[in-house]
Amino acid sequence: MPLRVHNTLTRRLEPFTPRDPGRVTFYTCGPTVYDDAHVGNFRSFLAADLLRRVIQSPLIALENSPAAQNAAAGQTHRRVIHAMNITDVGHMTDDAEGGEAGEDRMAVAGRRLQEAKKAGALPPGVEIDPRDPRAIAAYYAQRFLADARRLGMLVAMDAQREPALMPRASEAVPGMIRVIQRLERAGFAYARGEPGVRAVYFDVQRFAPYGVLSGNTLEQLRAGAGGRVSDHNQSQKRHPADFLLWKEDPRHIMRWPSPWGEGYPGWHIECTVMSLTATRGRGLDLDALTLPGGEPLIDVHSGGEDNIFPHHECELAQSCCAFNADPARGTFAGLWFHPRHLFINGQKMSKSKGNFFTIAQLTERGHEPAAIRLALIGTHYRSNADLTEQLVRDCHRAVERWRRVMDAGAPPAGARPEPVPTSEPVLRAFAAALEDDLNIAGAIGAVNTWVSEIGSPTPRHAAVLGLIDDVLGVLSLERPKPQDTEIGVFLGGLSPDQAVIAKLIERREARKAKDFGRSDQIRDQLAAMGFNIKDAPGGKVEVSRRP
RNA sequence: GGCCGCGUGCCAGAGUGGUCUAAUGGGGCGGAUUGCAAAUCCGUUUACCGUCGGUUCGAAUCCGACCGCGGCCUCCA
């Protein structure tokens with residue numbers, strides 16, 4: 001059965017049919033970089049990464065592109081042009097209708113960094129001018145990319161070769177201005193206000209399907225709009241749901257010249273521009289691009305569920321109006337893909353609760369990237385996954401179990417990966433589950449059943465698992481290197497600790513003397529210090545962090 | 001109020017008309033191994049699938065009602 005995925009736009013499971021299966025275009029709404037990303041951000045980015053890996057896997061059939069007959073690990077069956085933006089401009093602290101009020105988040109971030117700097121809380125070696133918004137953005141972007149690569153997000157790896165795949169909003173402003181002008185010329189946008197405080201709005205009433213994506217109607221939005229937007233701004237709009245495309249503000253922390261004065265772009269226009277420039281290549285002319293038949297401009301558009309409204313609704317509206325000969329026939333993206341939010345220990349994550357983790361925090365607690373990735377992709381993307389440390393630990397054990405197959409069956413170094421028929425039963429079961437709206441639990445279940453039936457792993461087993469892991473993306477991640485000392489092997493990124501080593505030596509002496517009471521006492525002491533130990537063959541002791 | 005979804009064993013979570021006397025992982029229990037642990041391996045335990053009714057030869061799976069729970073619509077992926 002070819003790949004079917006739930007489309008937010010139609011609220012149905014649909015066969016995924018890219019316009020050109022040899023060149024699938026995929027755009028993910030990426031992070032804002034005025035703070036560190038948290039595990040919830042990564043859950044939704046990793047769901048997109050999983051979909052991308054599924055689409056390009058030789059195991060997977062599409063409606064208009066069959067699976068491969070034979071495949072080897074590391075081979076890509078379809079080319080996916082996956083782009084993800086980095087938003088470094090345009091988000092305000094309040095006002096739902098497009099950044100007309102409130103403080104710029106980058107300014108808030110600057111203040112926070114300033115305080116951290118004063119308190120000496122910045123990581124060592126970090127030199128950053130908290131008054132420079134671009135420096136702040138660059139700082140957090142680089143931290144985001146490091147985590148993204150650690151977790152095997154292919155888009156972040158691609159971007160190392162091809163930076164255009166992860167464009168910065170601040171660098172796309174000229175393109176945004178051109179699209180706004182185009183919308184204005186065609187009568188979909190209008191300017192209001194005196195010079196100095198001008199604003200350009202999108203006219204939602206000119207786009208009849210406005211609301212298709214989120215299920216809203218203009219009537220409902222009119223009812224709900226009260227109280228969120230300043231009366232002054234609201235009164236100058238033609239409709240309360242009209243959203244901002246450009247805001248003139250000569251005093252703003254980040255501003256660009258424009259036909260409507262110096263200012264900054266609205267929230268939604270950046271993705272209209274970057275999704276096209278990043279996936280369509282250099283030859284794209286934003287002034288000339290016109291689609292006669294309403295065909296999608298990109299094959300997949302993803303983002304967290306909170307993006308559905310207003311962000312993607314507005315993006316769809318302005319994109320269709322800008323580029324489609326008949327806007328009402330357009331959908332902008334063929335597949336709108338929205339993973340649900342992540343919970344932490346059964347609780348909704350939110351800034352106000354302050355209950356979010358960063359990847360670094362999980363790593364410090366002794367969890368390795370492979371386990372974190374598996375935990376984050378392991379729940380169906382349209383369920384509210386719940387992240388617990390127990391889950392990450394379970395995932396770690398699964399990863400270790402799979403590694404034994406991979407390691408024991410690894411072909412000699414330098415050997416080419418062995419191609420295997422994709423009709424292999426476990427591969428068929430694995431692919432069939434994923435083809436059914438990314439049924440990851442079913443897919444992992446199939447892998448586990450197969451793994452538990454393997455007696456002694458062979459290179460062929462490893463080759464099969466390699467194909468599976470091209471999709472899951474956990475075994476290829478870097479593992480923390482064990483640090484070896486004469487007595488202890490420090491696992492999970494731990495550095496040898498003198499106090500621990502002293503305890504281990506003492507314990508070895510006690511065991512030599514058959515003083516097992518003392519030996520167990522020392523183990524308890526180490527546990528109290530936060531370390532688990534395990535006796536390994538050869539007299540060494542493996543030391544890991546107690547999670 | 002609008003849109004969407006869920007209710008399966010101790011827990012998480014697959015299964016969407018017959019092979020379900022219901023995957024998989026965790027937990028529990030028993031055993032092997034270990035000085036003891038941990039890890040690993042072997043075995044084993046637990047579900048009439050929210051309630052009621054309907055369709056059907058046949059339903060966890062389709063339909064209806066009811067009860068319960070949740071998500072998004074607001075900063076936030």
Side-chain angles (χ1 to χ4, degrees), chain A residues 6 8 11 13 28-32 34-35 37-48 84 87 91-97 102 105 108 211-217 219-221 223-225 227-228 302-311 313 338-343 346 348-353 356 374-376 378-386 388 390-391 393-395 397-398 400-401 404 429 433 436-437 439-452 455 510-512 514-517 519-521 523-524 527 532-537 541-544:
Chain A
H6 181 90
T8 306
R11 298 166 180 67
L13 228 51
T28 298
C29 267
T32 47
Y34 43 72
D35 202 348
H38 51 69
V39 284
N41 300 113
F42 282 106
R43 135 95 154 162
S44 89
F45 297 144
L46 286 173
M84 183 162 98
T87 295
H91 278 226
M92 304 296 129
T93 49
D94 54 39
D95 195 332
E97 293 301 324
R105 293 191 172 279
V108 178
V212 270
L213 186 67
S214 59
N216 285 310
T217 65
E219 281 312 305
Q220 285 153 11
L221 289 169
R228 290 211 301 264
S302 82
E305 62 177 321
D306 55 298
N307 283 156
I308 296 171
F309 189 88
H311 184 50
E313 192 74 74
H338 292 105
R340 301 265 233 128
H341 281 174
L342 179 75
F343 284 26
K348 227 162 102 167
M349 246 200 310
S350 69
K351 292 235 154 137
S352 51
K353 279 186 192 148
F356 53 81
L374 187 57
L376 289 176
T379 302
H380 190 258
Y381 72 97
R382 280 190 294 119
S383 299
N384 290 111
D386 187 15
T388 60
Q390 183 60 51
L391 175 69
R393 266 180 248 128
D394 290 353
C395 288
R397 288 175 63 173
E400 289 294 338
R401 200 159 43 228
R404 278 197 292 279
D436 181 13
D437 196 28
N439 178 359
I440 186 74
I444 289 173
V447 175
N448 282 328
T449 307
W450 171 73
V451 165
S452 65
R511 292 181 74 204
K512 223 179 256 169
K514 303 245 186 271
D515 182 357
F516 294 120
S519 163
D520 292 349
Q521 207 179 3
R523 181 165 54 211
D524 292 344
N532 278 331
I533 58 168
K534 167 181 162 187
D535 292 310
V541 183
E542 292 179 1
V543 183
S544 56

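Numbers restart at 1 for each chain; the letters A, B, ... are given by sequence-line order, proteins then strands.
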Q) Contact class for A/Thr388 (heavy atom, under 4.0 Å): base, sugar-phosphate, or nothing? A) nothing
Q. For B/A37, does either OP1 or OP2 sit under 4.0 Å from a side-chain N or O belonging to A/Arg523?
A. no
Under-3.5 Å N/O pairs linking protein and nucleotides 13-19 of chain B:
unit_1 : atom_1 : unit_2   : atom_2 : d
B/A14  : O3'    : A/Asn439 : ND2    : 2.8
B/G15  : OP1    : A/Asn439 : ND2    : 2.8

Q | Side chain to side chain, A/Thr8 and A/Glu305, heavy atoms closer than 4.5 Å | A | no
**Q.** All ring pair (Phe, Tyr, Trp, His ring centres under 6.0 Å) counterparts of A/His311, not counting sequence neighbours
**A.** A/His268
Q) Contact class for A/Leu342 vs. all strands (heavy atom < 4.0 Å): base, sugar-phosphate, or nothing? A) base
Q.
Using a 4.0 Å heavy-atom cut-off, does A/Tyr381 contact any base of the nucleic acid, only the sugar-phosphate backbone, or nothing at all?
A. nothing
Q) What interatomic distance, in whole Å, is found between C1' of B/U45 and the corresponding atom of B/G25? A) 16 Å
Q) Checking all strands, does A/Arg393 fall into the base, sugar-phosphate, or nothing category for heavy-atom contacts under 4.0 angstrom? A) nothing
Q.
Taking side-chain hydrogen bond (donor to acceptor under 3.5 Å, both in side chains) as the definition, give me every residue that meets it alongside A/Arg393, ordered by chain and number, with sequence neighbours left out.
A. A/Gln390
Q) Would you find a donor on one side and an acceptor on the other, under 3.5 Å apart, between the side chain of A/Thr449 and the backbone of A/Gly445? A) yes
Q. If you pin A/Ile444 and A/Ser214 to their nearest nucleotides in RNA chain B, which one's is more 5'?
A. A/Ser214
Q) Can you list the residues that meet the side chain to side chain contact (heavy atoms under 4.5 Å, CB included) rule with A/Ala47, with sequence neighbours excluded? A) A/Phe337, A/Pro339, A/Tyr381
Q. How would you list, by chain and number, every residue that makes a salt bridge (Lys or Arg N to Asp or Glu O under 4.0 Å) with A/Lys534, sequence neighbours excluded?
A. A/Glu542
(Q) Holding to salt bridge (Lys or Arg N to Asp or Glu O under 4.0 Å), I want the full list of residues that pass it with A/Asp437, two or more places apart in sequence or in another chain. (A) A/Arg382
Q) Once you round to the nearest 0.5 Å, how far does NE2 of A/His338 lie from OG of A/Ser44? A) 9.5 Å
**Q.** Spacing of the P atoms in B/G50 and B/C42 (rounded, Å)
**A.** 33 Å
Q. side-chain hydrogen bond (donor to acceptor under 3.5 Å, both in side chains) with A/Asn41: which residues, sequence neighbours excluded?
A. A/His38
Q. Roughly how far apart, to the nearest Å, are B/A47 and B/C10 at atom C1'?
A. 11 Å
Q: With P as the reference atom in both, quote the distance from B/G18 to B/G58 in angstrom, rounded to an integer.
A: 14 Å
(Q) Nearest whole Å is fine: how far is B/C4 P from A/His6 NE2? (A) 9 Å
(Q) Side chain of A/Glu305 only, heavy atoms from C-beta on: which candidate in B/C72, B/C3, B/A37 is closest? (A) B/C72
Q | First of A/Gly445 and A/Arg382 reached from the 5' end of RNA chain B, by closest nucleotide | A | A/Arg382
Q | Range-with-range stems of RNA chain B (Watson-Crick or G-U pairs under 3.5 Å, three or more in a row) | A | B:1-7 with B:67-73, B:10-12 with B:24-26, B:28-32 with B:40-44, B:50-54 with B:62-66
Q) Any donor-acceptor pair under 3.5 Å joining the side chain of A/Arg340 to the base of B/C72? A) no
Q. So what does A/Gly303 hit on the nucleic acid, given a heavy-atom distance under 4.0 Å: a base, only sugar-phosphate, or nothing?
A. sugar-phosphate
Q: Please state the C1' separation for the pair B/A32 and B/G68 - nearest whole angstrom.
A: 46 Å
Grab the N/O contacts between the protein and nucleotides 38-45 of chain B below 3.5 Å, and write none if there aren't any.
unit_1 : atom_1 : unit_2   : atom_2 : d
B/U40  : OP2    : A/Arg397 : NH2    : 3.4

Q) Rounded to whole angstrom units, what separation is found between the CD atom of A/Gln390 and the C1' atom of B/C11? A) 10 Å
Q: Figure out the CG/P separation between A/Asn448 and B/A12, and round it to whole Å.
A: 19 Å
Q: Report the residues that fulfil salt bridge (Lys or Arg N to Asp or Glu O under 4.0 Å) with A/Asp520, sequence neighbours left out, ordered by chain and then residue number.
A: A/Arg523
Q.
Between B/G7 and B/A12, how far apart are the two C1' atoms, rounded to whole Å?
A. 14 Å
**Q.** Contacts of A/Asp436 that satisfy salt bridge (Lys or Arg N to Asp or Glu O under 4.0 Å) - sequence neighbours left out
**A.** A/Arg4
(Q) Tell me the interatomic distance from A/Glu313, atom CD, to B/U74, atom P, rounded to whole angstroms. (A) 12 Å
Q | Spacing between A/His338 atom NE2 and B/C4 atom P, to the nearest angstrom | A | 15 Å
**Q.** B/A60 versus B/G17 - spacing of their C1' atoms, nearest Å
**A.** 11 Å
Q.
For the P atoms, the ones on B/U61 and on B/U56, what distance do you get once it is rounded to whole angstrom?
A. 16 Å
(Q) Holding to side-chain hydrogen bond (donor to acceptor under 3.5 Å, both in side chains), I want the full list of residues that pass it with A/Gln521, two or more places apart in sequence or in another chain. (A) A/Arg518
Q) Nearest 0.5 Å, what's the NE2-CG distance between A/His380 and A/Asn439? A) 6.5 Å
Q. In whole angstroms, how far is the C1' atom of B/C72 from the CZ atom of A/Phe309?
A. 11 Å
(Q) Check this one for me: any side-chain N or O of A/Ser302 less than 4.0 Å away from OP1 or OP2 of B/A77? (A) no
Q | A/Leu13 CG to B/C4 C1', straight-line distance once rounded to whole Å | A | 14 Å
Q) A/Asn384 side chain to A/His341 main-chain N or O, any donor-acceptor pair under 3.5 Å? A) yes
Q. Base, sugar-phosphate alone, or nothing: which one does A/Lys348 contact when heavy atoms must sit under 4.0 Å apart?
A. sugar-phosphate
Q. Could you state the CG-C1' distance from A/Leu374 to B/U24, rounded to the nearest angstrom?
A. 12 Å
Q | Per A/Asp394 side chain, nearest of listed nucleotides B/A23, B/C36, B/G26 | A | B/G26
